[in-house]
Amino acid sequence: MPNQLHDSASEAKNVIRTHRTGYDLLLHPGLNKGTAFTEEERDVFGLHGLLPPHIGTLENQRERRKKALDNEPTAFGKYSLMRDLQDNDEVLFYSLIAHHIEELLPVVYTPAVGEGCQRFSEIWRKPRGLFISYPDRHLMDKMLANPRYNEIRCIVVSDGERILGLGDQGAGGMGIPIGKMALYTALGGIPPHHCLPILLDAGTDNQALLDNPIYIGWQHHRVRGPEYDEFIEMFVAAVMRRWPNILLQWEDFAGENALKILAKYRDRLCTFNDDVQGTAAVTTGTLLAAVQATGVPLKDQRIAMFGSGSAGVGIINLLIAALKDDGLSEAEARQRIYAFNRHGLMVEGDPALRASQMPLARKKEDVEGWKVDTAGPISLFDTVRNAKITVLVGTSAQAGAFTEETVRELARNAERPVILPLSNPTSKSEAAPADLLKWTDGKALIGTGSPFAPVEIDGRTVRISQTNNSYIFPGLALGILVSKARRVTDGMIMAAAKKLASLSPAVQDANAPLLPPIGDSRKVGLAVAEAVGMAAIAEGVSDMKPGELGDELRKYVWEPVYRRYELVKGDC
Ligand SMILES: NC(=O)C1=CN([C@@H]2O[C@H](COP(=O)(O)OP(=O)(O)OC[C@H]3O[C@@H](n4cnc5c(N)ncnc54)[C@H](OP(=O)(O)O)[C@@H]3O)[C@@H](O)[C@H]2O)C=CC1
Ligand SMILES: CC(=O)C(=O)O
Ligand SMILES: [Mg+2]
């Protein structure tokens, strides 16, 4: 095919065949090697003069970029530099991340990506991914038909309405699909040219964006109701026409839309919602590891779920399955969980409950006779005190919601309380780990959504685990792609959770962190992928033979190294 950018078969042999030359080649981020083009390649591809004379290596290119990053004082500045690098030279971008993973994940992902989305219009420079706006919806097929997308195998899509805990960021939400797909490659080894970030621009209700003359999105209030549903339907149908076997990941949709869309499409194509299912897997995996460290089985823990939106509902549903695996009936499993919305503990009969929340509400008799400090909805503190909560999970985006009083009360209920303030970015975390350790005399087992520095307490250094779905979705996607799974089943999500739990350092040593170091994320991604692929086979949604999976995974994984180029002569 003359206008194909990458020939996979050739690439496997470390050769890229392309028709592009000169500027056209240098301006393509998937093909540009900058100063690393060899003398011979400069001759063949007409690059003399367009590049400085120095023939560089990937190693000295990394050194140059790292210096620039180190000289940049702000997280946003570093984010912006990394985005520019990604749009300039993908191999160098991923190689730099691979060499400085702990330092750079917080730059390309949470927390810096949050400000990246808030200020996306300020730094938008080059096209990356696809913006599909509501007024352009009838052009969808034409947009997707672009030959540039011939090799796409997976998509992350957002409508920008619930960006981390920062609310509606409109078209700026594109920073999230871009960031998630960067981790598809950095942690999952999925080739970047198989990945397409998409932003569905259905408008924004963020007044600051509506008033901002440099806002890059459609300056219009959000389309809602049947028009929105039809927009999503048009999108899914167009995607399926273009790529019938695509993997479609939904990201950072507002809670009710997230759950509704997942329910509607999960049996129609290979799709998952990361906030619902990826978060459920990382949280369940962390808890399965934590209970081994506490010595108290999951079925004997009492869990407060603070925030019952897309993440909270997803976590509760997978936890119920894990509690059933631990020997409880469905009804007994539900009794272990106390779920909150913005009003307080969810109790049946509350008119504010949404459809997805009704099955999670407690019965009125469950809370009868409770000693409560305040009239009206029951607070987290009163629930911790009365229900003798042992595990606290936060997906509320309410900074500081886990107060000293509540955490000290929790510490009375368990020798090793488990506390997971999962909200992102850092500014929205329900608590800071240093406080949690102080208030629990160093006993709490902690996992946070965004990265936190280690904490010194009682003469020891406690590394804080990052309970973020980034431990799951890159491996989940890789396992799905390699096994050619047709659907994403609950069994595949649970397999990812259990694999993560099995890799926990706390399983060997109760005082070790709950999750592997971020530096091991790539290994975790591969292990999760294998578990997901095996589950897909076991559940009958993949036709691969179990013995083939490992080899196929290793063959598929992309490494950030420069390849040799060959010129394809043709009519393009
Ligand atoms: N660590 C990780 O991997 C992940 C972290 N997250 C983080 O979780 C947070 C929530 O995400 P998501 O579930 O998708 O968002 P949603 O908007 O879908 O849900 C938020 C939930 O929090 C509740 N809430 C809001 N205010 C309060 C309050 N004062 N007290 C108690 N509950 C409150 C909401 O209540 P109501 O139902 O009444 O509106 C809702 O149930 C975000 O910060 C996000 O970044 C999300 C996914 C992954
Ligand atoms: C991590 C993530 O997906 C979120 O905060 O939305
Ligand atoms: Mg998300």
Asks: Just by distance, no angles: are the side chains of Glu430 and Ser423 close enough, under 3.5 Å, to form a donor-acceptor pair?
Replies: yes

Asks: Within a radius of less than 6.0 Å around CZ of Arg412, do more than 12 heavy atoms belonging to other residues, nucleotides or ligands occur?
Replies: no

Asks: If you apply the rule side-chain hydrogen bond (donor to acceptor under 3.5 Å, both in side chains), what do you find for Thr406 with Thr403, and how did you get there?
Replies: CA-CA 5 Å; Thr406 301; Thr403 61; 3.0 Å; yes

Asks: Step by step, would you call Lys498 with Asp325 a side-chain contact (heavy atoms from CB on, under 4.5 Å)?
Replies: CA-CA 11 Å; Lys498 288 187 173 166; Asp325 279 355; 2.9 Å; yes

Asks: A side-chain contact here means heavy atoms from C-beta on lying under 4.5 Å apart; do Leu436 and Pro421 qualify?
Replies: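 In short, these two side chains touch, coming nearer than 4.5 Å.
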
Asks: Counting distance only, does the side-chain N/O of Ser465 pair as donor-acceptor with the main-chain N or O of Leu515 below 3.5 Å?
Replies: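 Between the backbone of Leu515 and the side chain of Ser465 there is a qualifying donor-acceptor contact (under 3.5 Å).
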
Asks: May I ask you to decide whether Glu332 forms a salt bridge with Arg336, counting only side-chain N to carboxylate O separations under 4.0 Å?
Replies: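 Salt bridge between Glu332 and Arg336, a charged N being under 4.0 Å from a carboxylate O: no.
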
Asks: Would you tell me whether Asn468 and Tyr109 have side-chain atoms, one donor and one acceptor, within less than 3.5 Å of each other?
Replies: yes

Asks: Could you go through Ile472 and Leu500, starting from their C-alpha distance and side-chain angles, then the distance that decides it, and tell me whether this counts as side-chain contact (heavy atoms from CB on, under 4.5 Å)?
Replies: CA-CA 8 Å; Ile472 300 294; Leu500 180 62; 4.1 Å; yes

Asks: Are Tyr79 and Val108 packed together at the side-chain level, in the sense that at least one heavy-atom pair is separated by less than 4.5 angstrom?
Replies: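 No, side chains not in contact.
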
Asks: When you look at Leu199 and Val157, which way does the side-chain contact (heavy atoms from CB on, under 4.5 Å) test go after all the steps?
Replies: CA-CA 6 Å; Leu199 191 284; Val157 63; over 6 Å; no

Asks: With sequence neighbours excluded, tell me which residues meet ring-ring contact (aromatic ring centres under 6.0 Å, His included) with Phe340.
Replies: Phe306

Asks: From Leu187 CG over to Lys523 NZ, what is the distance, rounded to the nearest 0.5 angstrom?
Replies: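 Going from CG on Leu187 over to NZ on Lys523, the span is 13.0 Å.
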
Asks: Side chains of Thr286 and Thr283: do they bring a donor and an acceptor to under 3.5 Å?
Replies: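 No pair is found: no donor N or O on one side chain lies under 3.5 Å from an acceptor on the other.
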
Asks: Looking at Glu59, I'd like to know if its CD atom is crowded, meaning that more than 12 non-hydrogen atoms belonging to other residues, nucleotides or ligands lie closer than 6.0 Å.
Replies: no

Asks: Is the shortest heavy-atom distance from the side chain of Lys428 to the side chain of Leu164 under 4.5 Å?
Replies: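 Counting from C-beta outward, Lys428 and Leu164 never come under 4.5 Å.
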
Asks: Main chain of His100, side chain of Glu103: is a donor-acceptor contact present, judged purely on distance under 3.5 Å?
Replies: no

Asks: Under the 3.5 angstrom rule, does the side chain of Asn386 hit a backbone N or O of Trp370 as a donor-acceptor pair?
Replies: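 The answer is no, because no donor-acceptor pair under 3.5 Å joins these two groups.
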
Asks: Cation-pi check, Arg119 to Phe76: give yes when NZ or CZ is under 6.0 Å from the six-membered ring centre and within 45° of the ring axis, no otherwise.
Replies: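 Geometry flag: set, cation within 6.0 Å and 45°.
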
Asks: With no hydrogens and no angle check, just 3.5 Å: does a side-chain donor-acceptor pair link Asp168 and Thr204?
Replies: yes

Asks: Is it true that the side chains of Glu63 and Gln61 contain a donor and an acceptor less than 3.5 Å apart?
Replies: no

Asks: Are the side chains of Arg162 and Phe253 in touch, meaning some heavy atoms are under 4.5 Å apart?
Replies: no

Asks: Does the pair Lys180 and Asn469 meet the rule for a side-chain hydrogen bond (donor to acceptor under 3.5 Å, both in side chains), with working shown?
Replies: CA-CA 10 Å; Lys180 292 273 171 180; Asn469 51 28; 2.9 Å; yes

Asks: Is the shortest heavy-atom distance from the side chain of Asp274 to the side chain of Trp250 under 4.5 Å?
Replies: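 A side-chain contact is absent here, since even the closest heavy-atom pair is not under 4.5 Å.
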
Asks: Assess the side chains of Tyr471 and Gln466: does a donor N or O sit below 3.5 Å from an acceptor N or O?
Replies: no

Asks: Output, in order, the C-alpha distance, side-chain angles, deciding distance and verdict of side-chain hydrogen bond (donor to acceptor under 3.5 Å, both in side chains) for Asn341 and Ser308.
Replies: CA-CA 6 Å; Asn341 63 9; Ser308 304; over 6 Å; no

Asks: Hey, is Arg385 close enough to Asp382 for a salt bridge, meaning N to O under 4.0 Å?
Replies: yes

Asks: With sequence neighbours excluded, what pairs up with Tyr556 under the ring-ring contact (aromatic ring centres under 6.0 Å, His included) test?
Replies: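 Counting only residues at least two positions away or on another chain, Tyr556 forms a ring-ring contact (aromatic ring centres under 6.0 Å, His included) with His194.
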
Asks: Using the rule given for side-chain contact (heavy atoms from CB on, under 4.5 Å), can you reason through Leu92 versus Arg62, listing the C-alpha separation, both sets of side-chain angles and the distance that settles it, and then say yes or no?
Replies: CA-CA 7 Å; Leu92 177 54; Arg62 275 199 309 269; 3.8 Å; yes

Asks: What's the verdict on side-chain hydrogen bond (donor to acceptor under 3.5 Å, both in side chains) for Ser356 and Glu256, showing C-alpha distance, side-chain angles and the deciding distance?
Replies: CA-CA 8 Å; Ser356 59; Glu256 238 9 46; 3.1 Å; yes

Asks: Give me the atom names and distance for the closest heavy-atom approach of Gly309 to Leu259.
Replies: O-CD1, 4.4 Å

Asks: Would you call Asp490 and Arg266 a salt bridge, taking side-chain N to carboxylate O under 4.0 Å as the test?
Replies: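 Salt bridge: yes.
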
Asks: Any salt bridge linking Arg362 with Glu348? Criterion: basic side-chain nitrogen under 4.0 Å from a carboxylate oxygen.
Replies: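 Judged by the 4.0 Å cut-off on N to carboxylate O distance, Arg362 and Glu348 do not form a salt bridge.
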
Asks: List in chain and number order the residues that pass ring-ring contact (aromatic ring centres under 6.0 Å, His included) with Phe381, two or more places apart in sequence or in another chain; answer none if no residue qualifies.
Replies: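 For Phe381 there are no ring-ring contact (aromatic ring centres under 6.0 Å, His included) partners, ignoring immediate neighbours.
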
Asks: Parallel under 30°, tilted from 30 to 60°, perpendicular over 60°: which one fits the rings of Tyr94 and Trp558?
Replies: perpendicular

Asks: Any chance the side chains of Ser450 and Asn424 put a donor and an acceptor closer than 3.5 Å?
Replies: yes

Asks: Determine, for Lys364 against Glu368, whether the closest basic-nitrogen to carboxylate-oxygen distance falls under 4.0 angstrom.
Replies: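 No, no charged N to carboxylate O under 4.0 Å.
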
